[in-house]
Each structure stands twice: as C-alpha cells, then as structure tokens.
Protein chains: 2
Amino acid sequence: MFLHHTHKKANLVSAAIALALGVSSIGSATPLFAATHPNLVINAGDVDAMQGAVNTPGRFRNAFLASKKSVDESLQVPVAVPVPLDAGGGYTHEQHKNNYQLMYSAGVLYQITGDAKYAERVRDMLIAYSELYPTLPLHPKRRPDADNPGKLFWQSLNEAVWLVYTIQAYDLVRTALTDSEAEKIEQGLLRPVARFLSIESPETFNKVHNHGTWLTAGVGMTGYVLDEQELVEQSLLDLEKSGKGGFLQQLNTLFSPDGYYNEGPYYQRYALMPFVTFAKAIDNNEPEREIFSYRDGALLKAIDTSIQLSYNGLFFPINDAIKSKGIDTSELVQGVAIAYGKTGNPQLLDIAQKQQQILLTGDGLKVAQALDAGEKRAYDFRSAVFRDGKDGDEGALVVMRQKIGSDQALVFKPAAQGMGHGHFDKLSWQFYDHGSEIVTDYGSARFLNVEAKHGGRYLPENETYAKQTVAHNTVVIDETSHFNSDLKIGNSNHPELLFFHADDQIKISSASIDSAYPGVTLTRTMALVNDTDSSSTFVIDLFDVQANNNRRLDLPLHYNGQLVDTNFKLHSYTDRISALGKNNGYQHLWLKARGKPDAGLAQITWLNDNGRFYTHSTIADGRTELLFTELGANDPEFNLRSEKAFIARHDKTNAHTFVSVLEPHGEYNPSREFTLEAESRVIGLSHEREGKLELVAIDLKSGNSLLLAINGDVSATENASTSFTFRDKPYQFIGRGQLFSIND
Amino acid sequence: MFLHHTHKKANLVSAAIALALGVSSIGSATPLFAATHPNLVINAGDVDAMQGAVNTPGRFRNAFLASKKSVDESLQVPVAVPVPLDAGGGYTHEQHKNNYQLMYSAGVLYQITGDAKYAERVRDMLIAYSELYPTLPLHPKRRPDADNPGKLFWQSLNEAVWLVYTIQAYDLVRTALTDSEAEKIEQGLLRPVARFLSIESPETFNKVHNHGTWLTAGVGMTGYVLDEQELVEQSLLDLEKSGKGGFLQQLNTLFSPDGYYNEGPYYQRYALMPFVTFAKAIDNNEPEREIFSYRDGALLKAIDTSIQLSYNGLFFPINDAIKSKGIDTSELVQGVAIAYGKTGNPQLLDIAQKQQQILLTGDGLKVAQALDAGEKRAYDFRSAVFRDGKDGDEGALVVMRQKIGSDQALVFKPAAQGMGHGHFDKLSWQFYDHGSEIVTDYGSARFLNVEAKHGGRYLPENETYAKQTVAHNTVVIDETSHFNSDLKIGNSNHPELLFFHADDQIKISSASIDSAYPGVTLTRTMALVNDTDSSSTFVIDLFDVQANNNRRLDLPLHYNGQLVDTNFKLHSYTDRISALGKNNGYQHLWLKARGKPDAGLAQITWLNDNGRFYTHSTIADGRTELLFTELGANDPEFNLRSEKAFIARHDKTNAHTFVSVLEPHGEYNPSREFTLEAESRVIGLSHEREGKLELVAIDLKSGNSLLLAINGDVSATENASTSFTFRDKPYQFIGRGQLFSIND
C-alpha cells in the first residue's frame with residue numbers, strides 16, 4: 001500500500017509513478033504535528049514541478065538519472081551507523097558524512113519517484129541513529145580544551161552540518177513513516193541532537209560566527225519540521241531570545257553592507273550554506289519575514305560577493321583558505337540556485353553553467369530549465385570595493401580587474417582581521433594574470449581530512465607561518481607580525497580605506513593603518529594600469545612607512561615560478577643555508593641569496609609555469625637589500641609547500657617609501673621552441689610626492705614614458721582638477737588620477 | 001604577365017586562380033637546370049591536389065586560410081635580414097628563424113594560389129640573403145672551442161635547419177624567378193651555404209649524429225634543386241662518398257632495428273625532421289631508391305617509436321630533454337603526415353588529431369581529408385621493448401603500460417648511453433599514473449632560448465646535476481656516477497636486457513650491467529602488476545647489487561608532490577641544511593631529513609598535485625637509511641627547479657637487494673572536501689630467491705596477499721613450467737612469471 005503525502009497532489013503523482021515502476025511501499029502514518037512535509041528547502045510545489053520535469057529530456061532529467069543511479073548503487077550497501085571513533089578523513093567520520101548525504105539524496109528521490117525503497121533506507125538509518133545517539137559520550141577525538149565537541153563528529157560544527165542534511169531527509173520522508181517510527185526518531189535522535197546543539201552547546205549556539213550559523217540553521221529547521229516554534233525562535237534570536245545572538249544577528253553582523261564575510265571568501269562560501277538553506281526554509285515556512293529582503297538583501301549580496309571574490313573559478317585564498325576551492329563548491333551551487341529562484345538574474349546562469357551541477361530542488365529545476373533554454377548572460381566581474389565590518393566601516397577588500405589580452409585581477413587587502421581564521425596581513429596584495437596566480441598568498445597550512453597530517457585539521461604551521469605577516473605581501477616591521485600576532489588586538493583594529501577609483505585605463509586604491517605597529521603608520525597605494533599604445537599592463541605599488549624611530553622594514557613578495565634574472569649581483573648561499581630568523585614565520589624561510597643593488601633601478605625577473613615572464617622593478621637607494629627565500633625551514637614533518645619569495649629590506653629607517661612596478665611580459669614556449677620578450681620594457685622608475693599629488697613615471701625601452709598622476713586627497717571629488725609640471729611640461733587632470741603617455 | 005611553371009598543368013591552374021584573384025605577377029624565367037620544381041616534399045601532383053582542396057570546406061581549407069592570414073600579415077612588415085649578432089632567443093637569431101619559416105610558408109602559398117606577391121617576398125629575402133651571406137665571418141656568439149660554428153646562427157646546426165626550409169622555399173618559387181635572380185641567389189647564397197655546411201664543415205657533415213643529418217639533408221636537397229647530383233651523393237654517402245658517413249649511414253646507425261634513436265625521444269623527434277623531410281625529397285626525386293623501405297622500413301618504425309615513447313601527449317623526458325615537448329611537435333606533425341601518406345594507417349590519424357595541425361603538403365591534405373571523413377582509429381600504445389644500438393644489441397628502453405582505472409606507464413631504461421645528450425642513468429625508471437609523472441626524471445637543465453639563462457643553451461647544471469646518476473632513479477655507488485661520468489666509457493658500454501614479458505596481469509622486465517662500476521654488477525627487475533580483485537596496481541622493483549668489496553649504495557627515488565607520512569621516525573634538519581655531498585650531483589641536493597627504519601617495512605607516502613597518494617614500501621633490514629633531499633644547493637643562479645627525492649642508502653656492503661613496491665592509492669579532493677584511502681593497502685613485503693626463481697609477496701590490509709613469481713632464467717621459454725612451495729602451499733606457473741592472489 002502506498003502512503004499519503006500531506007500534500008495530496010504530489011502524492012497522487014508519486015503514487016502513479018510508483019505503480020508504473022512497480023515499486024514497494026512501507027507502512028502508513030499520520031502526522032504527529034500540524035507541519036506540512038516537505039517544507040524546508042523543497043516544498044510541495046517544488047515536488048510537483050520536479051515530478052513533471054524528470055520525464056522531459058534536459059539537464060534536470062540528467063541530474064535526476066545520475067542521482068538515482070548513484071543512490072541505487074549506494075542502496076546495495078547495507079546500512080552502517082558506526083560508533084564514532086575517527087577524526088576527519090577517518091572511517092567513522094567519512095561514514096557519517098556519507099550517511100547524511102545519502103539520506104538527503106534518498107529523501108529527494110522518494111519525493112520525486114514515490115518509490116518507497118528510498119524512504120525505507122532513510123528510515124532504517126534514522127532508526128539506527130536513534131538507537132545509537134542516546135548512548136554516545138562526547139567524541140573521543142575532540143580537542144581536549146575546546147568548547148565545541150561533537151558526539152558523532154569530533155566537533156559540533158560537523159554535527160550541525162549532519163543535522164542540516166538529516167532534518168531535511170526526515171522532512172522528505174516523514175509522510176512515509178509510521179507514527180511510532182517518527183516518535184522513535186524524534187525522541188531518540190532529532191530532539192536530542194537539537195538539544196545537544198542548542199542548550200547543551202550554548203557558547204557555540206549563541207556565538208556570532210559561522211559555527212553558530214550552522215548550529216542555529218540545523219536547530220531552527222528542526223523546529224519547523226517538529227513544529228516547535230520555540231526552537232525556531234531560539235535559532236533566530238539566541239537561546240535567551242535576546243537578539244544578541246542567533247541567526248538574525250549573524251545576518252546583521254557577519255556580512256558587511258557589501259555582502260563581504262569578514263573571514264574571507266573561503267569561509268564565506270562555507271558560511272553561505274546554512275544561511276541560504278535556513279533562509280529558504282524560513283521563506284517557505286514564514287514568508288512574511290521576507291528574509292531575503294532582510295537588511296537590504298544581505299543574503300543575495302553575499303552570494304554575488306562570493307562570486308566576485310574569485311578568479312578563473314577559484315576563490316581568492318586570503319586568510320585560512322584551501323586554494324583549490326572555487327565557485328563550483330556545493331555551497332555556492334545551492335546559493336546560486338536559491339538566488340536564481342529568488343531573482344531570475346540570467347548572469348547567475350553563467351556561474352551555474354561553470355558549476356556543472358544541477359540540484360534536485362525547485363530552484364535547481366528553474367536553473368536547469370533556463371540553461372536548457374539558453375538564457376545565460378556573462379557574469380559581470382567588477383572592479384569594486386567590498387567594505388568590511390557590519391557597518392561597512394572597518395576597512396575593505398578591494399578588487400581591481402582589467403581585461404587587456406588576458407584577464408588580470410589585483411586583490412588589495414585593507415580589510416579587517418577576520419576573526420580566528422584571519423591572517424596578520426594588513427594592506428597585502430595578490431595578483432592574477434593569464435589564468436594563474438602570480439603574486440601569491442599561501443592560504444592555510446592544512447591538508448583537509450588527511451589523517452596523517454594532524455588529523456586533517458589546521459597544521460601547527462598555520463599559526464607559525466601561514467598567519468604571520470611575513471607570509472604575505474606587505475610590510476613587516478622588526479620581524480614582528482601585525483598586532484604582534486595578537487588576535488584580540490587585530491580584531492579590534494582595522495585599516496582605513498582612503499580612496500578607490502576605476503576607469504578604463506587605471507584602477508587605483510589607497511589605504512592606511514596606524515595600529516598594526518605602535519608608532520608606525522603604513523600607507524599603501526596600488527594601481528593597475530594599462531597602456532593601450534604598447535599593449536602593456538603594470539601594477540604600481542607605493543608603500544609608505546612612517547615610524548617614530550628607526551626600524552627594520554621588510555617588504556616580501558611571494559611568487560610562483562623560477563627566478564630568471566636580476567640586474568644586480570646576487571650573493572648566493574651554496575653549501576649551506578639557514579633560517580632567516582627565529583620567530584613570526586621568519587624561522588620557516590631559508591635564506592638562499594641576498595643582494596644590495598646600487599642606487600637606481602633594481603629588477604627581478606621570474607618565469608611562471610605557464611610560460612610568462614614577470615619583472616618586478618623597484619627604486620633602489622643603495623641601502624635597500626633584497627633577500628631571496630624559500631619556504632621549508634623548521635618544518636620537521638614536511639608540512640609546508642616549497643614556495644619562493646624575495647624580501648626588500650630597508651634597515652634602521654624611520655621613513656621610507658617602497659616604489660615598485662610589476663610588469664607581465666613575453667612568452668616562454670619550449671614546446672614550440674620560441675621565447676618572446678623575455679626582458680622587461682621598464683628601464684627607469686621615479687616617484688615624486690608634492691603635497692597630496694603623487695607622480696610615478698615609468699620609462700620604457702621604446703623611449704616613451706608612462707606617468708601616473710594621483711590626487712591623494714581623500715576628500716577629492718570626481719571633478720577635482722589637478723595641475724602640475726613634470727619634466728618641464730605642464731599637465732592637468734580631473735578626478736582621482738590619470739595615466740599620461742609621454743612620447744619621446 | 002604570369003609565369004611558366006615547369007610543371008605545365010599546375011601552372012595553368014595557378015594562372016587561372018591568379019587571374020580570378022586579380023593578383024600581380026613577376027618577371028619570367030626559364031630553368032637554369034633540368035630539375036622540375038617543386039619536387040622536394042611537395043611535388044607537382046601535390047600542388048594540383050591542394051589547389052583543388054582549398055575550395056572545399058574542411059580541415060585543409062581551414063589550415064590554408066589560417067596560413068594565408070598569418071603570411072599576409074607578415075607581408076605587411078618589411079623584409080629584415082639583419083647582420084647576425086645574437087645567440088638563441090636574441091633578435092637576429094629569432095629573425096633569421098622567422099625568415100625561413102616565412103619563406104617556406106610563402107612559397108607554399110605561391111604554389112597553391114599562384115599569387116605573385118608570395119613569390120616576390122621569397123625572392124626579395126633570398127636576394128637580401130645572397131648579398132649578406134658572402135660578407136659574413138663566423139658567428140660572433142659561436143662557442144670558442146667548438147667545431148660547429150655557423151654564420152647566420154651561432155652553430156651550424158641552426159644554419160642547416162635554415163637551409164632545409166630555405167631550399168624548399170626556393171624550389172617552390174623557382175619558376176617565378178628570372179634567370180638572373182636565380183643565378184644571383186644560387187651563386188651568392190645557396191651554393192655558398194651548401195659549401196659551408198659540407199666541405200667547409202667536414203667534421204659535422206660526416207658525423208653520424210643528428211647535426212650531421214640536418215647538414216646532409218640541407219645539402220642533399222640543395223643538390224636536387226640545383227641538379228647537382230654530386231651534392232646528393234655526398235649527402236647520402238659522406239664527403240668522400242665512402243658510405244662511412246652520410247645520410248644512409250645515419251639511417252643505418254642512428255636508429256635501432258626497433259626504430260629507437262639512442263639519444264632518446266626528445267632528440268628522436270628532432271632528428272626525425274631532416275630524416276623524413278630528406279627521405280620524402282629522395283622518394284620524389286629518386287623513387288627507385290625505395291628509401292622508406294630502406295633497412296626494413298626504419299624510418300616508419302622510427303615515427304611509430306617516437307609516438308610510443310610518450311605519455312599523455314608528452315615524450316618520456318629521458319636524457320637531455322625539455323619536458324614540455326610532446327607529440328604535437330612540428331617535427332612529428334611532418335613525420336605523421338609523411339608516414340600516413342606512405343602507409344594510410346588510420347591509427348596515425350589519432351595522433352594527427354591530437355596534434356591539431358594540418359600541413360599544407362600533399363600528405364597533409366591526405367591526413368585532413370581522412371580526418372574529415374572520420375577514418376581515425378585509436379593508436380595502439382603498447383607494452384614493448386625498444387632495442388637500442390644499430391644492431392639492436394646494446395640494451396633497450398622498456399615501456400610497460402596498463403589501463404586499470406587510469407593509464408599507467410612504467411619506463412625502464414637499460415638503454416645505451418646515447419652519446420653527448422645521454423645521462424648516466426643505467427637501469428633507471430620513471431612512472432606515470434592518472435595523466436601525471438609520478439616517479440620523475442629531471443630532464444635537461446635548460447631554459448630554451450631564454451637569453452638570461454646562459455643564452456638559452458644547456459646550463460652548467462646540466463653537466464653537474466641533470467646528467468649525473470644521483471639525479472635519476474637508479475643505484476649510485478660510492479657517490480660516483482656510472483662510468484665515472486666518462487662519456488667515452490659510457491658510449492662503449494651498455495646494459496644487457498635479460499628478459500621482457502607482458503600479459504594482461506603482469507608486465508615484467510629485467511636487465512643488468514657490470515660496466516657501470518668496476519667490480520660491480522647491477523641487476524634490476526621491474527614489474528607492473530594489477531590485482532583485479534582489489535582493483536589495485538603495484539610497481540615491483542628488485543635492485544640487486546653485487547660488488548667485489550664494500551661500497552656505499554644509494555638508490556634515489558625522485559617524486560613530485562608533498563611528503564605526507566613515513567612509518568619511521570624522521571630526524572629533520574630544521575635551522576640549517578647542507579649539501580648532501582661535494583660532487584657528481586650530490587652537491588646540488590640539500591639534505592632535509594634522514595631516518596633509519598627498524599627491520600621490517602619502511603613506508604613513505606606522498607601526495608601529488610592531482611590529489612593522488614603514492615606509497616613506496618621497502619624491506620628495511622635495520623641498516624638501510626633513508627635520506628630526504630631537495631634540489632637547489634650550489635645553485636647560485638637559481639638554475640635548478642626545487643624537486644624532491646628520497647635516497648635509500650645501504651652503506652659498507654658488497655651485496656644487497658633493494659626490494660620495493662610502489663602503490664598508487666586514494667584521492668585527496670579538498671575542493672569537494674573528501675579524502676579517500678590516504679593509507680596504503682600494503683602491510684608486509686617479502687622477497688625470496690631460489691636459484692632462478694624470485695618470489696615477491698605483498699601482504700595487504702585485507703588479509704590477502706599477492707605473490708609475484710618470476711622465472712629469471714634468461715633462456716626460459718614461453719612453455720617453461722616452474723613449481724615451488726610458498727608458505728607451505730604448492731604453486732606452479734608456465735612461462736616468465738605469474739601473479740598469484742592468496743586469500744586468507
């Protein structure tokens with residue numbers, strides 16, 4: 001006998017399919033509560049539409065058939081709900097992850113096909129869990145001194161993720177369960193997990209942090225399914241319903257007004273999942289909350305910003321980030337589908353196409369149908385400021401892009417610390433060209449889920465190297481990291497964005513911070529410019545340091561590739577190399593060579609794996625030393641990648657401006673046996689500052705020069721006019737700045 | 001007025017096209033000699049066919065239009081024939097390369113279209129060269145003490161390449177030239193170049209070596225075009241027409257009977273170009289020589305072997321090789337087209353498709369039409385022995401392949417030295433899996449044509465590191481390279497291939513050498529096996545060393561990736577590291593860590609960039625030490641790549657067998673956040689030798705074992721039966737060996 005869905009129409013269709021397919025069915029049930037099922041991310045209307053769509057050729061049907069094949073194979077394997085033992089990567093950890101994924105997928109297939117075998121597998125697993133869960137102590141692999149242990153997993157975060165999927169699976173099969181089965185599952189499993197993750201984990205539950213979002217999402221969705229409005233209210237407002245914590249406060253606080261999540265894009269996409277999932281469930285259950293319009297559409301902005309903070313499909317790896325994560329991540333697949341369902345913006349289809357994954361949800365169906373109909377439009381990747389902080393006044397992440405021959409992106413980071421996953425990298429930058437990362441950020445030191453590497457968790461070197469200032473492309477004072485590596489001080493301070501401007505020829509931004517080091521003001525102005533005459537592009541970098549007494553200033557640049565040439569003599573260490581320093585990341589850098597260029601232009605050229613040359617030119621004053629390093633010292637377990645950097649060191653100084661230009665050029669093509677433009681066009685570089693006017697001149701081999709003039713007045717308007725004389729000729733420009741071509 | 005081709009029909013067609021296109025024409029000429037033009041790689045029949053084909057949509061027409069567009073653009077730039085100044089990568093070097101390429105392409109377009117502008121550009125360039133060439137001294141960037149200087153280029157090799165293209169260009173436009181133009185070009189340029197490359201470069205011209213092939217090809221083709229049979233004879237038989245040198249002797253000697261070129265595939269594809277080009281010209285001019293059937297079809301075998309010695313499109317980088325070279329190289333495009341023209345073998349179309357380049361020749365047309373017609377068949381990449389030496393008795397290169405989940409290839413190198421580009425790497429190996437190089441060969445130390453890197457030539461580190469034994473995956477005795485790095489000794493000795501066998505489950509080969517070190521016999525047996533039950537594959541490696549007294553034995557394994565785990569304690573050098581040794585490549589290796597495993601199984605696991613784990617398991621005897629190194633010591637100019645290795649060291653021993661197994665396993669997918677099978681299945685390893693019987697048992701985590709039994713008797717037949725007892729059970733097998741699955 002086939003079961004009654006609460007939603008009658010879907011029920012009949014499913015029943016028809018079930019009869020047609022000759023599938024089995026399981027025992028009857030009436031709902032314990034008044035709640036409609038399913039009604040979280042997928043509702044009854046979605047089920048109707050999906051049931052119709054799976055019979056029509058196209059992306060959605062293909063996704064359905066692929067999921068069905070995969071789940072049908074998984075159903076051949078017996079249920080396994082093992083006693084939790086392992087950390088990430090270990091058997092029990094992976095099995096519990098597989099279980100929630102299978103339960104969710106089987107639940108969806110049950111709704112689409114009505115085939116009881118899917119509901120039966122979910123039921124059997126839930127029953128097994130409901131017998132196991134009450135017997136569990138805290139997880140044996142929990143971190144001893146942490147306040148976030150789990151039971152099924154080593155931390156409560158994973159337990160909350162488990163709940164987010166599992167409650168949806170339960171919702172999807174609820175109508176297939178008998179009352180006593182439902183009672184057993186709710187009493188033995190769902191309520192205890194929800195209790196464990198809320199009142200028994202108050203610190204994490206109430207915390208305004210992505211772990212908190214997962215916990216509130218899991219518990220809140222459980223509230224909807226069990227018709228426990230109290231759980232919903234606690235999830236939205238915190239355990240005390242004070243509004244100081246909870247989902248809404250997380251939405252108020254964790255994203256900036258520009259949709260930037262202050263841990264950076266790697267965690268932004270992770271944080272998005274519970275936000276969009278729970279928001280979709282809220283929208284289905286309490287549409288009157290207008291959750292997607294909440295705070296000026298914060299969630300939709302956050303989805304757009306996640307996409308904007310990527311290059312060639314991968315997220316900018318700022319802060320603790322695993323570098324292979326990109327826009328095809330499952331969280332953003334969900335986010336893009338839900339956003340498309342809400343907005344119908346055809347640019348989202350461009351991203352959905354790149355994700356190459358269609359969700360079996362109502363929104364996934366809309367995406368699939370629109371892609372089938374060829375409705376996608378190119379996504380508009382912008383040069384833009386993404387303000388940081390809940391009120392948008394705690395610095396910013398700045399992205400400058402141009403498309404001259406190839407896509408280029410410059411990421412400038414006068415952003416706030418970004419809590420526990422933040423790095424001490426104020427005013428750092430990264431650069432991308434021709435599809436590759438050129439000026440690099442190490443990301444995090446971690447091998448996710450690789451048991452042999454500290455259980456797959458963050459490695460010790462994440463603290464001792466990856467977070468330290470010297471691991472980034474920004475100034476280090478006295479071999480000490482920003483905020484003296486103190487997270488609390490970091491979190492309570494931030495840089496100031498001074499200005500940002502973008503037009504066709506120049507993108508430019510400036511920011512400063514006086515709290516990274518006591519008595520020191522750091523000001524950096526970065527520009528991405530292109531000279532259409534010579535088809536050349538340059539990154540211009542002015543890093544000004546003003547200190548109250550003499551300091552050691554180090555400005556590292558981390559690069560991918562092979563050193564090709566320097567225009568100054570190198571003293572290389574040949575038989576023996578030593579760590580560059582003792583602490584703050586310096587202990588991990590081998591010093592391989594050093595050089596002290598004469599006053600003039602110091603140039604370093606490297607070649608990356610894609611066969612493009614990059615020349616970094618700096619004004620040398622006869623006092624600047626260049627140190628060439630390779631990562632890997634004091635790394636007894638081989639946890640670090642071997643990466644390369646050079647560090648411009650200006651010692652015993654209280655005021656210095658590092659003036660540099662990076663030029664991508666030429667091509668090394670050993671396969672086709674040609675090498676083009678292996679040498680930089682830059683033969684001279686000068687910098688002048690007159691009041692708020694900054695002038696950077698790049699002299700080129702051709703005899704021409706490029707002159708970037710910047711009006712550094714923070715309050716300058718778009719119409720501000722600036723006049724000046726350079727090399728005996730008068731110039732004028734309007735607004736923030738202009739690039740002048742000076743022909744010989 | 002339009003010109004007369006010697007070949008009347010083509011002439012008329014071209015004239016018709018020329019009239020239709022309204023193109024210009026240049027002065028009249030009658031041939032100085034009786035030679036037909038064109039008649040080198042392209043003959044009159046080819047021209048006819050191409051003229052017809054460019055009007056039909058398809059690959060050939062597309063290639064024609066692309067070439068026409070590119071050449072038409074080049075014709076906008078004035079002729080530049082600069083006085084030679086630069087080495088590879090420099091302006092004049094690249095300009096003279098561009099010139100011959102443009103002359104050749106323009107010559108072809110002249111034949112196809114009849115448009116005189118193409119012939120005019122070739123004429124103008126040739127006239128300019130004929131004025132410049134007689135004034136030239138030897139090239140200023142020639143190597144002071146070398147016997148192979150050029151005039152247009154720093155070495156005569158490049159000059160010969162220039163001639164191979166230029167004589168074809170001349171042949172293609174000859175009919176468009178006046179007699180006085182032709183006279184000027186022949187007297188001022190072609191005869192002097194041919195003379196310079198033959199009687200004025202006797203050592204290189206007569207040398208049985210790829211430089212000699214280029215010189216004889218250029219000069220011989222010039223002989224055909226100028227109707228100078230003497231030049232042809234000298235090219236075929238050497239300057240004295242003795243047959244001791246020259247093209248035929250090169251064909252007799254440079255390729256083995258299996259078509260293996262003893263410098264390895266990187267130079268094989270380079271050497272192929274003049275061979276197949278000149279052979280095609282010989283075939284057109286003197287078909288009675290049956291040059292493609294010469295020596296049992298040596299040239300066609302050489303083309304097949306070049307393809308066989310590749311993986312995922314790239315050549316195995318043995319000896320001096322640039323690692324990005326692959327089957328899409330222009331030389332092999334020519335080779336595959338000519339071979340297809342001769343044989344019509346549809347498997348060649350598979351390679352042609354991957355090359356994605358259609359030649360504007362008669363053979364190129366045949367390839368294009370066959371690809372258009374969908375006639376391609378999958379190329380048969382084989383497990384095979386490629387015997388080395390002109391008589392096939394100087395060792396061999398062995399390739400073992402299997403396709404279990406992914407394509408795997410094991411390259412085992414008991415090949416001869418390979419002359420000046422050979423490495424001291426007897427019995428070395430490489431391994432490929434899932435599209436990547438796993439156990440690596442450094443290739444050559446060179447940045448081709450990058451002026452800043454020693455003029456783009458081989459770097460000093462090519463001698464001091466890349467050629468040395470320790471840079472390879474084979475045994476080094478007493479930190480000294482094979483043959484004490486003496487090329488002469490190397491060239492006059494070689495390993496012996498003992499046996500080779502391939503069936504579905506096992507591929508196995510063995511070889512030995514007693515001349516690499518006085519008083520030492522090295523014998524290596526390698527197998528690539530698969531266990532279909534567990535879908536697992538293993539490389540099994542038995543390296544036996546027998547010495548006349550106690551020695552230090554080092555067996556390095558070079559790998560790509562990140563060290564994940566060892567099952568023994570590592571002593572890592574943290575604050576300071578030193579070079580491992582003083583000489584023979586050891587001076588370039590930083591010693592990062594060392595460990596001395598207890599007797600039992602020593603395991604090392606690494607993770608490669610494609611997210612696959614590899615575990616190397618060795619039988620430890622309590623005396624074997626493992627040294628972990630990174631390349632880069634004594635490299636003051638940053639010429640070397642940072643690559644990783646571990647070295648199994650057995651000190652003060654006169655007899656030892658290194659017994660190892662390499663297992664690819666699992667997947668690290670940080671993007672999708674899962675990690676599978678990060679640990680090896682191997683938990684035990686044993687090796688027994690009883691007479692000629694070798695038994696290697698691999699004990700697996702599952703409780704099962706795999707037992708590889710090998711009949712090591714060199715003279716064993718396919719029907720030889722071997723019986724033995726293992727762990728108290730009797731076994732029997734027929735032939736070379738068998739893999740037994742032992743279930744618990």
Side-chain angles (χ1 to χ4, degrees), chain A residues 88-89 94 97 314 322-326 328-330 446-453 456 562-565 570-579 582 587 590 592-593 605 607 611 613 628 630 632-642 644 668-676 678-679, chain B residues 88-89 94 97 314 322-326 328-330 446-453 456 562-565 570-579 582 587 590 592-593 605 607 611 613 628 630 632-642 644 668-676 678-679:
Chain A
E94 296 304 318
K97 269 178 69 175
L314 296 181
I322 283 178
K323 298 182 81 163
S324 51
K325 266 288 182 194
D328 61 348
T329 181
S330 61
R446 182 180 192 186
F447 291 90
L448 191 72
N449 292 346
V450 177
E451 184 70 30
K453 289 294 192 192
Q562 184 86 22
L563 191 67
V564 167
D565 204 11
L570 283 189
H571 173 76
S572 294
Y573 298 93
T574 51
D575 280 330
R576 180 172 296 197
I577 49 178
S578 304
K582 292 284 177 200
Q587 75 276 23
W590 297 117
K592 297 195 71 180
T605 300
L607 172 62
F613 296 92
F628 293 79
E630 185 174 319
N634 283 289
D635 177 23
E637 295 173 337
F638 291 74
N639 286 338
L640 292 167
R641 302 189 301 269
S642 304
K644 293 172 180 112
Y668 174 60
N669 193 325
S671 167
R672 292 181 55 206
E673 297 194 358
F674 65 80
T675 298
L676 302 173
E679 287 167 24
Chain B
E94 296 304 318
K97 270 178 69 174
L314 296 180
I322 283 177
K323 298 181 83 163
S324 51
K325 266 288 181 195
D328 62 349
T329 181
S330 60
R446 183 181 192 185
F447 291 91
L448 192 72
N449 293 345
V450 177
E451 186 69 31
K453 290 293 193 194
Q562 184 87 23
L563 191 68
V564 167
D565 203 11
L570 284 188
H571 172 76
S572 294
Y573 298 93
T574 51
D575 280 331
R576 181 173 295 196
I577 49 177
S578 304
K582 292 284 178 200
Q587 74 276 24
W590 297 117
K592 297 195 71 180
T605 299
L607 172 62
F613 296 93
F628 292 79
E630 185 174 319
N634 284 289
D635 178 23
E637 295 173 336
F638 290 74
N639 286 338
L640 292 167
R641 302 189 301 269
S642 305
K644 294 173 179 110
Y668 174 60
N669 193 326
S671 167
R672 292 179 55 207
E673 297 193 357
F674 64 80
T675 298
L676 302 172
E679 288 168 23

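In the text below, chain A, chain B and the rest are named by the order of the sequence lines, each starting its count at 1. All values reported here derive from a predicted model rather than from experimental measurement.
- Nearest approach of A/Leu448 to B/Thr675, heavy atoms of both residues: O-OG1, 3.0 Å.
- Note that the CD atom of A/Glu630 and the CZ atom of B/Phe638 stand 8.5 Å from one another [nearest 0.5 Å].
- Neither the backbone nor the side chain of B/Asn669 comes within less than 4.5 Å of any heavy atom of chain A.
- For the set B/Arg672, B/Glu679, B/Lys592, the count of heavy-atom pairs under 4.5 angstrom toward chain A peaks at B/Lys592.
- What you find for A/Ser324 and B/Ser671 is that their closest heavy atoms are O-CB, 3.5 Å.
- In this structure, CD in A/Glu451 is found 10.0 Å from CG in B/Asp565, a value given to the nearest 0.5 Å.
- With a 4.5 Å cut-off on non-hydrogen atoms, B/Ile322 touches chain A through its side chain but not through its backbone.
- In terms of modelled atom types and a separation under 3.5 Å, the side chain of A/Tyr668 and the main chain of B/Asn449 share no donor-acceptor contact.
- Heavy-atom distances place the backbone of A/Arg446, and not its side chain, under 4.5 Å from chain B.
- One N or O on the side chain of B/Gln562 and one on the backbone of A/Leu640 form a donor-acceptor pair closer than 3.5 Å.
- Note that the CD1 atom of A/Ile577 and the CH2 atom of B/Trp590 stand 4.0 Å from one another [nearest 0.5 Å].
- Minimum heavy-atom separation, B/Asp575 to A/Lys582: OD2-NZ, 4.4 Å.
- For the atom pair A/Lys644 NZ and B/Ser642 OG, the distance stands at 3.5 Å (nearest 0.5 Å).
- In this structure, the side chain of A/Thr574 does not engage the main chain of B/Pro636 through any donor-acceptor pair within 3.5 Å.
- Contact of B/Phe613 with chain A is made through the side chain alone, with heavy-atom distances under 4.5 Å.
- The shortest non-hydrogen separation linking B/Ser578 to A/Arg576 is OG-NE, 3.5 Å.
- With rounding to the nearest 0.5 Å, the separation of OH in A/Tyr573 from CG in B/Asn634 is 14.5 Å.
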